[in-house]
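Hydrogens, waters and symmetry mates are skipped; everything else that's a heavy atom, side chains included, is used. Note on naming: letters A, B, ... go to the chains in the order of the sequence lines (proteins, then strands), and numbering restarts at 1 for each one.
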2 protein chains.
Amino acid sequence: MGTTQLETVPEPKYWHLKTVLGEALDSDFAVGEVLPNERDLAARFGVARATLRQALEQLELEGRLQRRRGVGTTVAPPRVGVDVSTTQQEWPGADPDAWQPVDAVSAVAPAAVAKMLGTDPADEVHTVRRTRVTHGQTVAAELLYVPSASVPELPAIDIPSGPARARSVLRELQRLGMEGQDRAVELGSARVDDAKELDRLPGAPVLVVTTRYLAGGRTAAVSVATYRADTCRLTFGDTGDVRISHHTDERRAS
Amino acid sequence: MGTTQLETVPEPKYWHLKTVLGEALDSDFAVGEVLPNERDLAARFGVARATLRQALEQLELEGRLQRRRGVGTTVAPPRVGVDVSTTQQEWPGADPDAWQPVDAVSAVAPAAVAKMLGTDPADEVHTVRRTRVTHGQTVAAELLYVPSASVPELPAIDIPSGPARARSVLRELQRLGMEGQDRAVELGSARVDDAKELDRLPGAPVLVVTTRYLAGGRTAAVSVATYRADTCRLTFGDTGDVRISHHTDERRAS
DNA sequence: AAGTGGTCTAGACCACCGA
DNA sequence: CGGTGGTCTAGACCACTTC
């Protein structure tokens, strides 16, 4: 032995803190329990509050803690598995239990979306806002962009903005023959409006799921859904029925 | 114009900074270009360095910047789309171009993995380490856990740890009839070893893709792959051939 | 050695929540 | 109102890369 270099790299304090706190969470705390406040914790570990916060931030990012301004820091429950598989090829709106229509307006789509749709970036498209609720928690906020060409028969403009109009757009979409979907997942930070729906601060980490719906040989609609990264695990089941219920939690490994 | 309520809520400085910087990136910088250093930028905007850093962190999280210690901050290229679809049901190792076997050892799996495998948490399983390389960049580091029961004919123990042993485990896996896969994506932070493979600092944000491989009516293997969240977009194509080449970049929308 | 980003400190004030 | 987390400051030193 002797060859192995022991700790050539001094471990940053916040990293060590995170490890210690993580172990404490496993052994000494129950889900939902509130931790001491940041000033106390920092004093207890003999570090500045900023350093303590760096550790807490990481633990929150990993879905182990939940922090709320004015309230405190609590131990988060295991992440909830949210099914986003595409095996059941269906139009958005087919499962009304999961998604709640919030609003619908006509507006110009972001340049990136217009490009996917193949529409003029200056053209207005139907923009439907929905939220996804699971286990009583809003886990995702979505913007669905539907070019007028995809829903030619929409009576449309006379319906005022609101959930009713959102539903009518979704209803029209069902009439098209869906040919496929294309999905992508990436990390993002919550925009102000999404943050509000998700009960998070702006900039909170989110998983952005972008879906292209194909019909009639072209992109008939595009959905951009932002999921809370702290509380969600996106599942893509391929096996039909099998589904892991709710995380693999390994608490109290002892 | 004019009518919009200007800032009922005072916007945090770092948030405003992020917006300003983001727009500057779109208009005044090319991919790969290096930004002024943090001290200069902070002075230029009249804020403390910590505040400036908070803005940079967010932009890096969104994949717009890349920072490297001792070097500087550069404008990141658009995220690369990485296919992680499960439509082609194949065992890991079937596409040797994408994944590079690094090593294989026998070790006890994490409790969460053992639970998925249905093995005794104290039992050792074959643990294969691989990295995924795309466009000359290592985008993912994977640990593949294979219980001995899944590869009964593995000559095994006499092969020393290393790429050769990794390949032999993968080869044995191919012999099983695959019945399905189960996949999940969630946000995580890079462990020390993964960070090293990915050329990132420990704690860097990663997308963790957990895959269960089903064969013989049970979970025959479990893979935990961590993708660089800053540079990767995970794609789940469902349409056969259609694939978006490399991001929808909307630079210089002007 | 010089310059970069990464870590850390010890304060301060602000925004929000609940009693 | 008091207590919480969120923002911000003006420093300091460290680890790393490059020359």
Side-chain angles (χ1 to χ4, degrees), chain A residues 5 7-19 21 32-61 65-76 189-190 192 195-196 199-205 230, chain B residues 7-19 21 32-61 64-76 189-190 192 195-196 199-205 230:
Chain A
Q5 200 116 349
E7 297 308 339
T8 308
V9 185
E11 200 173 50
K13 278 190 185 176
Y14 79 91
W15 187 265
H16 182 240
L17 251 184
K18 177 193 144 185
T19 307
L21 281 171
E33 196 168 345
V34 308
L35 271 61
N37 71 53
E38 298 182 350
R39 290 161 180 86
D40 283 355
L41 277 179
R44 185 173 314 187
F45 286 105
V47 299
R49 189 175 157 222
T51 305
L52 185 270
R53 275 179 62 80
Q54 211 171 341
L56 294 185
E57 257 150 45
Q58 285 240 353
L59 289 168
E60 190 179 29
L61 197 78
L65 289 180
Q66 190 156 350
R67 300 192 286 173
R68 274 184 306 173
R69 167 153 54 178
V71 180
T73 302
T74 59
V75 180
S189 51
V192 181
K196 199 174 169 187
D199 190 27
R200 299 257 61 196
L201 288 177
D230 55 344
Chain B
E7 299 313 334
T8 308
V9 183
E11 200 172 48
K13 278 190 186 178
Y14 79 90
W15 186 266
H16 182 241
L17 251 184
K18 176 192 145 185
T19 307
L21 281 171
E33 197 168 346
V34 308
L35 270 62
N37 71 55
E38 296 182 349
R39 290 160 180 87
D40 282 357
L41 276 178
R44 185 173 314 187
F45 287 104
V47 299
R49 190 176 155 219
T51 305
L52 186 270
R53 276 178 63 79
Q54 210 171 341
L56 294 185
E57 257 150 44
Q58 286 239 354
L59 289 169
E60 190 179 29
L61 197 78
R64 312 211 28 187
L65 289 181
Q66 190 157 351
R67 299 192 287 173
R68 275 184 305 173
R69 167 154 52 176
V71 179
T73 302
T74 59
V75 180
S189 51
V192 181
K196 200 174 167 188
D199 190 28
R200 299 256 62 196
L201 288 176
D230 55 344

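One interatomic measurement links the two molecules: CG of B:Leu41 to P of C:dG5, which rounds to 8 Å at whole-angstrom precision. One atom, CG of A:Asp40, and another, C1' of D:dG2, lie 14 Å apart when rounded to the nearest Å. Regarding A:Leu65, its CG atom lies at a distance of 11 Å from the P atom of D:dG5, rounded to whole Å. Atom CD of A:Glu38 and atom P of C:dA12 are 18 Å apart (whole Å). For A:Arg49 and C:dC13, the CZ to P distance is 14 Å, given to the nearest whole Å. Whole-Å rounding puts the A:Gln54 CD to C:dC8 P distance at 6 Å. Put simply, CD on A:Gln66 is 18 Å from P on D:dT4, counting in whole angstrom units. Taking atom NE2 of residue A:His16 and atom C1' of nucleotide C:dG6, one finds them 19 Å apart after rounding to whole Å.
The side chain of B:Arg67 places an N or O atom within less than 4.0 Å of a non-bridging phosphate oxygen (OP1 or OP2) of C:dG6. Contact annotation: A:Thr51 side-chain N/O to C:dT9 OP1/OP2 distance is under 4.0 Å. Proximity of A:Thr73 to the phosphate of D:dG5: a side-chain N or O atom is located under 4.0 Å from OP1 or OP2. Note on A:Arg53: a side-chain N or O is less than 4.0 Å away from OP1 or OP2 of D:dG6. Regarding contacts with the backbone of C:dC8, every side-chain N or O of A:Tyr14 stays at 4.0 angstrom or more from both OP1 and OP2.
Once rounded to the nearest 0.5 Å, the distance linking CD of B:Gln58 with CG of B:Leu21 reads 11.5 Å. Note that CG of A:Leu56 is 12.5 Å distant from CG of A:Leu61, once rounded to the nearest 0.5 Å.
Contact record, B:Leu65 with B:Val75: CD2-CA, 4.2 Å, taken as the closest heavy-atom pair. Of all heavy-atom pairs spanning B:Tyr14 and B:Thr51, the tightest one is CB-O, 3.8 Å. Taking each heavy atom of B:Gly203 and B:Ser189 in turn, the nearest pair found is O-CB, 3.4 Å.
Checking C:dT7, D:dT9, D:dA15 against the side-chain heavy atoms of B:Arg69 singles out D:dA15 as nearest. The listed nucleotides are C:dG6, C:dT9, D:dT9; the one nearest the side chain of A:Ala48 is C:dT9.
One can find a donor-acceptor pair under 3.5 Å joining the base of D:dG5 and the side-chain atoms of A:Arg39.
Between A:Gly70 and B:Asn37, the residue whose closest nucleotide on DNA chain C is further toward the 5' end is B:Asn37.
Within 4.0 Å of B:Leu201, counting heavy atoms only, lie sugar-phosphate atoms of the nucleic acid but no base atom.
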